[in-house]
Amino acid sequence: MNDSSTGGAFDDPTELATFVTTDIAGITRGRSFAAADIEDYLRKGVGWVPANLALTPFDLIADPNPWGSAGDLRLMADAASRARVTCLPDVTPLHFYHCDITDLKGEPWDCCVRSFLKATLAEFERDAGLKVVGAVEQEFQILGADWPAAPAFGLRAQRRAEPFGPLLMTALKQAGVEPEMFLPEYGKDQFEITCRPAAALAAADRGATIRAVTREVAALFGWNASFAPKTDPDGVGNGVHLHVSFTDLDGAPATFDASRPGRLSRVAGAFAAGVIRHLPALVAFTAPSVLSYMRLVPHHWSAAYTCLGEKNREATLRICPTPDLPGSDPARQFNMEYRAADACASPHLALAVVLRAGLEGIRAGLEQPPLINSDPSALSADDQARLGIRRLPSSLGQALDTLAADTVVTGWLSKDFLDCYFAMKRKEIEIVEGLSPAELCERYATVY
Ligand code: GLU
Ligand code: MG
């Protein structure tokens, strides 16, 4: 919760508040009302339409879908997810709430990805005795700024953008996402935003909030902040890295064990094994666009193989280093990073499927996979096979086929959801079919 100075009362008659859902295309959509009426809307929600879930990123609705013109739903807001940004010049406050999608009685809709994440977290507590802590790191590129070139990671690269960085950090703080760092990245006009770890539901909400706020701040400067997985076929990718760690139900750290390989606790090792086992199917949700597969290639510091690594940026699941300074407690900072995600994905769905896969590993008591601390693409085919390293799907079509064949993963989701997801994604493939890599980048940059 943030911006407590305003309490619940928003007296400015011009201010709107919006109830939003971030859907399976990773797009945040919603409906607005006078912010002064917030208490009423928190009670009753706003209306929503089932077939909206079948919207492709390019606004055409996949047809057929399970609902057609039938049915009605509610967006029911989580008051604790409020983002309210008042520091932006010349615009009214940006004020929104993340929502669950429910039926008219307020019961979770079986296609609501935020409710799916909540149910996943409840299963984690029940079956593994663990609470999940998460954080999202997101990269993006500024398009349309016409800046002079500046060195990667350079102070100059950051100062060219003034006062974008400070305004963005202030806005993100007001939005309640606890931003940590704003940094110039390696790619052309690329930046990254990191935020503090939080309970996993809030972490997923933050993923969507950060994107919305960043785009709005960039637009004030006349730029497009693009989180698309690639904006140039020859450039670097924009990743969404999902950081995950666990505590027991009393809040004690449960991911770290200094005596084990990679310092992963037994339960975290089993979690990693479950993720690695199902990874080729998971990418259909976490790297879910046609463009995503231009990023998931070797030598991009993204992720191209099923591979657990320690401090290895070619590993899809990476054990992050902890500062080893006097007074620091590695157990509290220790976490794993899932790197095969991008901003075309719903952050709630992406986090949920990664957690579900890990939970399968915990339930089955799987052994921790071998640690791969070098570039997996440089290993011989024999070594890859011996170490259980598989190439991830190299196109969205392949990822969807792999998903369809993994009945453990499809078993987590309702029939309507799967029918909608496959229909929507196949429609997306059809829409962009035949575009050159450069055209593909351009097309996705208009949306992401
Ligand atoms: N840009 C890389 C990606 O697409 C990540 C680079 C990094 O490790 O920060 O995921
Ligand atoms: Mg980065």
Side-chain angles (χ1 to χ4, degrees), residues 26 134-143 151-154 157-158 161 165 168-169 172 179-197 206-207 210-211 214 225-244 275 279 282-283 285-322 335-345 347 350-351 354 372-377 392-394 396 399 437 440-441 444-445 448:
V136 281
E137 271 177 22
Q138 303 193 88
E139 295 168 330
F140 61 95
Q141 280 165 293
I142 294 291
L143 307 180
F153 312 115
Q158 178 172 327
L168 176 58
M169 289 295 269
L172 290 171
E180 264 186 337
M181 255 186 280
F182 169 71
L183 53 122
E185 252 282 0
Y186 179 63
K188 179 174 186 304
D189 302 344
Q190 189 183 37
F191 296 93
E192 175 171 322
I193 289 284
T194 66
C195 64
R196 285 181 58 75
R206 287 176 180 188
I210 288 169
R211 277 148 34 186
T214 306
S226 177
F227 291 78
K230 279 257 186 163
T231 61
D232 174 347
D234 302 319
V236 303
N238 294 306
V240 172
H241 298 166
L242 304 171
H243 291 256
V244 172
V275 174
L279 238 172
L282 301 185
V283 291
F285 294 123
T286 64
S289 73
V290 174
L291 187 59
S292 300
Y293 294 85
M294 279 172 58
R295 170 177 167 260
L296 291 192
V297 290
H299 314 305
H300 269 59
W301 287 18
S302 60
Y305 293 87
T306 62
C307 148
L308 171 70
E310 202 184 4
K311 305 168 197 167
N312 174 4
R313 288 188 175 76
E314 289 281 334
T316 306
L317 195 60
R318 171 178 174 253
I319 303 168
C320 298
T322 52
N335 67 85
M336 281 172 278
E337 175 189 49
Y338 178 93
R339 296 170 68 86
D342 65 52
C344 299
L351 193 55
V354 171
I372 314 298
N373 291 333
S374 61
D375 183 345
S377 68
L392 293 178
S394 56
L396 177 57
L440 212 51
C441 288
Y444 276 95
Y448 297 101

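Just so you know, ligand 1 is whichever comes first in the structure, and atom 1 is the first atom listed for that ligand. These figures come from a predicted structure and were not determined experimentally.
- When hydrogens are left out, the protein atom nearest atom 8 (O) of ligand 1 is Arg339 NH2, 2.9 Å; that is the closest non-hydrogen contact.
- Residue His241 touches ligand 1 through its side chain alone, judged by heavy-atom distances below 4.0 Å.
- Looking only at protein heavy atoms, the nearest one to atom 1 (N) of ligand 1 is Glu139 OE1, 2.8 Å.
- Side-chain atoms of Asp189 never come within 3.5 Å of backbone atoms of Gln141 as a donor-acceptor pair (strictly under, hydrogens ignored).
- The side-chain heavy atoms of Glu139 and Phe227, taken from C-beta on, include no pair separated by under 4.5 Å.
- The residue from Val275, Ile372, Leu317 that alone fulfils the side-chain contact (heavy atoms from CB on, under 4.5 Å) condition with Leu308 is Leu317.
- Any N or O atom pair closer than 3.5 Å counts here, and Gly237 shares at least one such pair with ligand 1.
- Here CE of Met294 is found 8.0 Å from CG of Asp232. Values are rounded to the nearest 0.5 Å.
- If you look at the Mg ion (ligand 2), the protein N, O or S atoms less than 2.8 Å from it are Glu139 OE2, Glu185 OE2, Glu192 OE1.
- Looking at residues two or more places apart in sequence or on another chain, you find no ring pair (Phe, Tyr, Trp, His ring centres under 6.0 Å) involving Tyr305.
- Against a heavy-atom cut-off of under 4.0 Å, Arg313 is close to the following atoms of ligand 1: 8 (O).
- Under the ring pair (Phe, Tyr, Trp, His ring centres under 6.0 Å) criterion, Tyr448 pairs with no residue, sequence neighbours left out.
- Looking only at distances, a side-chain donor or acceptor of Asn373 sits under 3.5 Å from a matching main-chain atom of Glu310.
- Comparing Arg295, Glu337, Arg318 against atom 3 (C) of ligand 1, the shortest heavy-atom distance belongs to Arg295.
- For the atom pair CD1 of Ile142 and CD of Gln190, the computed distance is 11.0 Å after rounding to the nearest 0.5 Å.
- Residues meeting the ring pair (Phe, Tyr, Trp, His ring centres under 6.0 Å) test with Tyr293, sequence neighbours left out: none.
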